[in-house]
Trainee: 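Structure incoming, see below.
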Amino acid sequence: GENVEQHPSTLSVQEGDSAVIKCTYSDSASNYFPWYKQELGKRPQLIIDIRSNVGEKKDQRIAVTLNKTAKHFSLHITETQPEDSAVYFCAASRTGTASKLTFGTGTRLQVTL
Amino acid sequence: KAGVTQTPRYLIKTRGQQVTLSCSPISGHRSVSWYQQTPGQGLQFLFEYFSETQRNKGNFPGRFSGRQFSNSRSEMNVSTLELGDSALYLCASSLVGENSPLHFGNGTRLTVT
């Protein structure tokens, strides 16, 4: 089955700096890659997603890049703010099983003042 | 639009008992998925229901089961509870369609003593 590895497990940045979280996946048939943000005690919330026919997608301060050849995708957050502090999860799924996401182990991002 | 609603929010059960968790999807969403979240194993897919039929299944024992009703509401049942079943159980709904994003509920926190 699919395996998604996520690094780093914890990341501390100063407010205003950029943060990068990286994921690799094993199933070459995976074609959908969402990112979720989970604040303490709250539900995971979709922040951005990318499909395999696109190499990069941006939404304000958040961007995701995908390298299908290397089976690697990354989340980039620029101009970080304290409210960005949360656990971020990457995930992957293949065609026909969009609801069957395989998640990475999560990255705890701490944005310090 | 109301989000995904899960009840109850918290449950405490004893080993050997059984439990039923409930999920009401976002209006118009016909696919409902269930995930287990634990500190050790992270987010793991349990199963997905669409049109009252199980469409995908994860790698969980048969003690974990679910069903979906004609109004798309879903329930999951865990029988013969074990200590290791203590977790946050998350329900997610989505529209029908290729790679429609999952929207998670706030979860049910199950503690097995």
Side-chain angles (χ1 to χ4, degrees), chain A residues 1-10 21 23 25 27 29-54 57 59 62 64 66 68 73 86-108, chain B residues 2-7 9-10 23-26 29-51 53-60 66 68 72 74 87-109:
Chain A
E2 173 70 281
N3 182 49
V4 177
E5 293 190 3
Q6 182 172 348
H7 299 280
S9 57
T10 60
I21 303 170
C23 289
Y25 61 97
D27 186 354
S30 289
N31 64 348
Y32 175 62
F33 308 93
W35 286 87
Y36 284 85
K37 173 185 179 183
Q38 189 175 29
E39 296 175 65
L40 192 61
K42 297 193 174 180
R43 61 189 173 91
Q45 287 192 283
L46 179 71
I47 55 172
I48 195 167
D49 58 9
I50 191 168
R51 289 161 176 76
S52 61
N53 58 345
V54 174
K57 183 176 178 181
D59 183 3
I62 294 172
V64 58
L66 171 65
K68 283 216 74 178
F73 58 114
V87 179
Y88 291 80
F89 293 94
C90 62
S93 70
R94 46 154 64 182
T95 301
T97 62
S99 295
K100 187 177 180 180
L101 293 172
T102 300
F103 281 88
T105 49
T107 296
R108 184 173 299 278
Chain B
V4 177
T5 305
Q6 291 187 247
T7 56
R9 286 299 310 276
Y10 302 94
C23 172
S24 293
I26 292 171
H29 286 195
R30 293 167 58 196
S31 170
V32 175
S33 305
W34 289 88
Y35 286 80
Q36 182 195 65
Q37 186 173 26
T38 60
Q41 300 298 317
L43 280 151
Q44 292 188 288
F45 173 78
L46 281 154
F47 29 64
E48 179 207 1
Y49 284 86
F50 171 70
S51 288
T53 302
Q54 188 179 87
R55 190 157 70 166
N56 286 295
K57 190 177 188 306
N59 298 321
F60 279 81
Q68 186 179 35
S72 295
S74 177
L88 180 67
Y89 289 89
L90 291 161
C91 171
S93 72
S94 66
L95 291 166
V96 176
E98 193 55 44
N99 296 332
S100 294
L102 295 189
H103 299 269
F104 284 91
N106 288 320
T108 293
R109 171 79 58 188

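Letters A, B, ... mirror the listed sequences (proteins, then strands); counts begin at 1.
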Trainee: What's the spacing between A/Leu101 CG and B/Glu48 CD if we round to 0.5 Å?
Mentor: 10.0 Å
Trainee: Heavy-atom pairs under 4.5 Å with chain A - which of B/Gln37, B/Lys57, B/Gln44 has more of them than the others?
Mentor: B/Gln37
Trainee: B/Leu102, B/Val4, B/Asn106: which one forms the most heavy-atom pairs within less than 4.5 Å of chain A?
Mentor: B/Leu102
Trainee: Measure the OG-CG distance between A/Ser93 and B/Asn56 for me, rounded to the nearest 0.5 Å.
Mentor: 9.5 Å
Trainee: How long is the span from the CZ atom in A/Arg43 to the CG atom in B/Leu88, to the nearest 0.5 Å?
Mentor: 12.5 Å
Trainee: Do B/Ser94 and A/Ser99 make a side-chain contact, defined as non-hydrogen atoms from C-beta onward lying under 4.5 Å apart?
Mentor: yes
Trainee: Report which part of B/Phe47 has an atom under 4.5 Å of a heavy atom belonging to chain A: side chain, backbone, both, or neither.
Mentor: neither
Trainee: Rounded to the nearest 0.5 Å, what's the gap from CD on A/Gln38 to CG on B/Leu90? Could you check?
Mentor: 6.5 Å
Trainee: Check whether A/Gln6 gets within reach of chain B through its side chain, its backbone, both or neither, counting any heavy atom under 4.5 Å.
Mentor: neither
Trainee: Side chain from CB out, backbone as N, CA, C, O: work out which of these in A/Pro44 comes under 4.5 Å of a heavy atom of chain B, or both, or neither.
Mentor: both
Trainee: Given heavy-atom pairs under 4.5 angstrom as the criterion, report whether the side chain, backbone, both or neither of B/Leu43 touches chain A.
Mentor: both
Trainee: Could I get the full list of ring pair (Phe, Tyr, Trp, His ring centres under 6.0 Å) partners for A/Phe89, not counting sequence neighbours?
Mentor: none
Trainee: Given a strict heavy-atom distance threshold of 4.5 Å, which part of B/Gln41 is in contact with chain A: side chain, backbone, both, or neither?
Mentor: neither
Trainee: Does B/Phe45 form a ring pair (Phe, Tyr, Trp, His ring centres under 6.0 Å) with A/Phe103? I'd like the steps, not just the answer.
Mentor: CA-CA 9 Å; B/Phe45 173 78; A/Phe103 281 88; 9.9 Å; no
Trainee: So, taking the atom named OG in B/Ser100 and the one named CG in A/Asp49, what distance separates them when rounded to the nearest 0.5 Å?
Mentor: 10.0 Å
Trainee: Heavy-atom count around A/Lys42 NZ within 6.0 Å, excluding the residue itself: above 12?
Mentor: no
